[in-house]
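As structure tokens, the structure follows; a few thoughts come after it.
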Amino acid sequence: MPIRVLASDVISRIAAGEVVERPASVVKELVENSLDAGATQITVEVSGGGIQLIKVTDNGTGIPAGDVELAFQRHATSKITSDTDLEIVSTLGFRGEALPSIAAVADVLLVTRHRDDVAGVALRLERGALAGKIKQGAPQGTALTVRDLFRNVPARLKFLKSTSTENGHISHLVTQYCLAFPEVKFDLTIGGRNTIRTSGNGNLRDVLIEIYGVETAKAMLEIAPDVSATGGQFPVISGFVGPSSIARSNRNYLSFFVNRRWIQSRMLSYAVEEAYHGMMMTGKHPIVVLNISISPQEIDVNVHPTKSEIKFRCEHDVFIAAQKAVRNTLIGLAPVPSMKLSIPSPVDPASSFPFPASPATRKAAPTPKFVPEQREVFEPLTRLPILRVIGQLQNTYIIAEGPDGVYFVDQHAAHERIVFEKVREQQAQRAVEVQGLLEPMTVEVTARQGELLKSQGEVLAEYGFSLEQFGERAYLLRAVPALLKGEKIMAALTEILDSLGEVQKNEWQERVAQLLACHGAVRAGQSLSFQEMEELIRQLERTAVPRNCPHGRPTMMHLSIARLEGEFGR
Ligand code: ADP
Ligand code: MG
């Protein structure tokens, strides 16, 4: 389509605003133009934090020599013509604002050759005014050089952060486009140093390796296609999610793309958070790449000046689809964290791996048999392997054998998970097992706890605590959840009362269940019989989220046979 100035009624419908806030915004607009031009190779060079120089070179269609001036006019675009096109935007750009906005605050050199043109053209603009145009030989594609950004806007310059901060923004941005377009070969050079290079082979896992490193990328779980999703009105989700063992301390590692447009979305962040609920420690965040494809009619991309936020027509459907895709992937495929062994020289017998001598660890022993009849019917999403208990280590860890090696199960964390799911289920069905106390216990509360009990005593009752007011600051405890025994009763109740004030009201239910699980679960240091261990493992296999305790810590570690054989040099 030729470049044309949009009609004024279309212009008036465009969400106008500041396009160029900082150097990274220039990079964003130029890279988006290259992608819209169908480029398969995009090179970004930056120096001085993007203030001195930004150069983006692509091998896209190029701009026809006759159109180059038009490209720098406000509201001139080749991507849409009418306002109905606004409803079904399929390109990243559509407003015709970026090039004129950039040219207004920097010196610009455009060198381009359209695929149908024999010769290329170079166009120079200084502070938005034409400063030269010549014919020039050039490869097909476009190279846009932006120099001295914001020199004529000192207020903007002052607002910018250090070179390294601006470089950081640029790197982050290019990273996102690498993830969104694995079939495009990206090269980012900052201050003469190549910092990002992707192969453009179309494989997202390979981009993850290039961006996050081999170890992390290998651990990422691919979202399985949802066979029931049909596209169109309903979002189809693909991408990768990190296992909960790989946690980051901020949300910069959540990448969301809608029809390949990189967007910021609190709704999607929240959907991901919900999906990891109970698997990620508080304050930690996962690495996630979510690609959402949805009919263009279902979204409005014309709501934000830099197009970094969009509006979904059916936000709730998208939320549910995203949350479900991430959760199912985590539950269905998440591997048990594997052990990082660093065993010193094998000549030191004292430092050898602390295994109890057991036939299963000796090569000569027969391969353990898994009798099919003994298999349990699993919940469909649970993929914990069938484990055979070998023994207990330090009265704290259950050692078990699975089809692919040895598993160390933290008995307390594992039992916490079991009890947590059990009490949540019982509470939901209003069927918590209760045990009456022969002698009621007196509970003294602080003024604050007293207030909480008045407003929130109901939650405690649902979980099996029967408390009766007995004075200004005293209550009689007549019945407790059956899973609490002896001295654990008061400890649990005190902690519940203390913590109720710390969490949001909508989290109380869950917090009570967590604390009951913590106090009701077997402790570390407690000796367990073989049968008890087998029972615990069986119950763990039946939980919905067997690999994490309710606080998000792992319940088990895995040491693969391959690893073991490697360590022994077999
Ligand atoms: P928009 O992308 O919203 O159309 P821009 O100001 O970013 O507006 O670009 C104006 C026009 O210039 C585009 O519509 C496109 O036709 C042309 N253009 C800009 N950059 C490139 C490029 N790298 N390759 C080919 N055409 C380009
Ligand atoms: Mg553009």
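Quick caveat: nothing in here was measured; it's all calculated off a predicted structure. In this chain, numbering begins with 1 at the start of the sequence shown.
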From CZ (Arg115) to CD1 (Ile63), nearest 0.5 Å: 13.0 Å
Audit row: Asp85, Thr81, side-chain hydrogen bond (donor to acceptor under 3.5 Å, both in side chains) steps and yes/no: CA-CA 7 Å; Asp85 290 348; Thr81 49; 3.1 Å; yes
Side-chain donor or acceptor of Asn152 paired with backbone N/O of Ala104 under 3.5 Å: yes
side-chain contact (heavy atoms from CB on, under 4.5 Å) between Met279 and Leu330, intermediate numbers included: CA-CA 9 Å; Met279 298 190 221; Leu330 285 172; 4.1 Å; yes
Ser25 side chain to Arg22 backbone, donor-acceptor under 3.5 Å: yes
Minimum heavy-atom distance Ile42-Val31, with the two atoms named: CD1-O, 4.3 Å
Contacts of Glu309 that satisfy side-chain hydrogen bond (donor to acceptor under 3.5 Å, both in side chains) - sequence neighbours left out: none
Minimum heavy-atom distance Gln514-Pro550, with the two atoms named: NE2-O, 3.3 Å
Which atom of Gly50 lies closest to which atom of Pro23, heavy atoms considered: CA-CB, 3.9 Å
Student check: side-chain heavy atoms of Lys55 and Thr57 closer than 4.5 Å: yes
Point-to-point distance, once rounded to the nearest 0.5 Å, from CZ of Arg95 to CG of Leu86: 8.5 Å
Between CZ on residue Arg563 and NE2 on residue His558, distance to nearest 0.5 Å: 11.0 Å
Spacing of CZ belonging to Arg313 relative to CD belonging to Glu298, to within rounding of 0.5 Å: 4.0 Å
His114 vs Gln140, side-chain hydrogen bond (donor to acceptor under 3.5 Å, both in side chains): CA-CA, chis, key distance, verdict: CA-CA 6 Å; His114 189 256; Gln140 182 196 314; over 6 Å; no
Heavy-atom pair of closest approach, residues Gly278 and Asn548: O-CB, 3.7 Å
Polar side chain donor-acceptor pair, His304 to Gln264, under 3.5 angstrom: no
Expected output: side-chain Asp410 to main-chain Met556 donor-acceptor under 3.5 Å: no
Which atom pairs, one a donor and one an acceptor, fall under 3.5 Å between side chains of residues 177-191 and the rest of the protein, sequence neighbours left out?
unit_1: Tyr177; atom_1: OH; unit_2: Glu32; atom_2: OE2; d: 2.6
unit_1: Glu183; atom_1: OE1; unit_2: Arg260; atom_2: NH2; d: 2.9
unit_1: Glu183; atom_1: OE2; unit_2: Arg260; atom_2: NH1; d: 2.8
unit_1: Glu183; atom_1: OE2; unit_2: Arg260; atom_2: NH2; d: 3.0
unit_1: Lys185; atom_1: NZ; unit_2: Asp187; atom_2: OD2; d: 3.1
unit_1: Asp187; atom_1: OD1; unit_2: Asn194; atom_2: ND2; d: 2.8
unit_1: Asp187; atom_1: OD1; unit_2: Arg197; atom_2: NE; d: 2.9
unit_1: Asp187; atom_1: OD1; unit_2: Arg197; atom_2: NH2; d: 3.3

Donor-acceptor under 3.5 Å (Arg547 side chain, Arg553 main chain): no
Chi angles and distances behind the side-chain hydrogen bond (donor to acceptor under 3.5 Å, both in side chains) call for Glu416, His551: CA-CA 9 Å; Glu416 259 188 310; His551 312 286; 3.0 Å; yes
Side-chain touch Leu109/Leu123, heavy atoms, less than 4.5 angstrom: no
Any donor-acceptor N/O pair, Asn291 side chain to Phe257 backbone, under 3.5 Å: no
CZ-OG1 distance between Arg417 and Thr555, expressed to the nearest 0.5 angstrom: 8.0 Å
Donor + acceptor pair across side chains of Lys28, Asn33 (<3.5 Å): no
Residue that, paired with Ile299, satisfies side chain to side chain contact (heavy atoms under 4.5 Å, CB included) out of Ile263, Val89, Ile88, Asn259: Asn259
For Val272 against Pro286, the heavy-atom pair lying closest together: CG1-CG, 3.9 Å
Stepwise side-chain contact (heavy atoms from CB on, under 4.5 Å) test for Ile292 and Leu268: CA-CA 10 Å; Ile292 298 176; Leu268 288 173; 3.7 Å; yes
For the student: nearest non-hydrogen atoms of Pro554 and Ala413, plus distance: O-CB, 4.0 Å
Pair listing, salt bridge (charged side-chain N to carboxylate O under 4.0 Å, His left out) test, anchored in residues 57-71, at least two apart: Glu69-Lys133
Any residue meeting side-chain contact (heavy atoms from CB on, under 4.5 Å) with Lys284, in chain and number order, not counting sequence neighbours: Ala247, Ser249, Met280, Met281
Worked check of side-chain contact (heavy atoms from CB on, under 4.5 Å) between Val111 and Thr142: CA-CA 6 Å; Val111 177; Thr142 303; over 6 Å; no
Validation row: Gln297, Glu87 side chains within 4.5 angstrom (heavy atoms): no
Those residues that, when tested against Phe312, pass ring-ring contact (aromatic ring centres under 6.0 Å, His included) (two or more places apart): none
For Asp300, all residues meeting side-chain hydrogen bond (donor to acceptor under 3.5 Å, both in side chains), sequence neighbours excluded: none
Side chains of Leu99 and Leu30 in contact at under 4.5 Å (non-hydrogen atoms): yes
Six-ring centre of Phe159, Arg156 cation under 6.0 angstrom, axis tolerance 45°: yes
Partners meeting side-chain contact (heavy atoms from CB on, under 4.5 Å) with Thr165 (sequence neighbours left out): Lys161, Ser162, His169
Residues forming a ring-ring contact (aromatic ring centres under 6.0 Å, His included) with Tyr270, sequence neighbours excluded: Phe319
Donor-acceptor contact present, side-chain Arg124 to main-chain Gly132, <3.5 Å: no
side-chain hydrogen bond (donor to acceptor under 3.5 Å, both in side chains) evaluation trace for Glu210 with Thr198: CA-CA 6 Å; Glu210 279 138 5; Thr198 63; 4.9 Å; no
Non-neighbouring partners of His172 that pass ring-ring contact (aromatic ring centres under 6.0 Å, His included), sequence neighbours left out: Trp262
Glu126 bridged to Arg147 by N-O distance under 4.0 Å: no
Set of ring-ring contact (aromatic ring centres under 6.0 Å, His included) partners for Phe150, sequence neighbours left out: none
Atom pair OG (Ser101) and CD (Glu29), whose distance is rounded to the nearest 0.5 Å: 8.0 Å
Contacts of Arg251 that satisfy side-chain hydrogen bond (donor to acceptor under 3.5 Å, both in side chains) - sequence neighbours left out: Glu273
Test side-chain hydrogen bond (donor to acceptor under 3.5 Å, both in side chains) applied to Arg151 - qualifying residues, sequence neighbours left out: Asp148
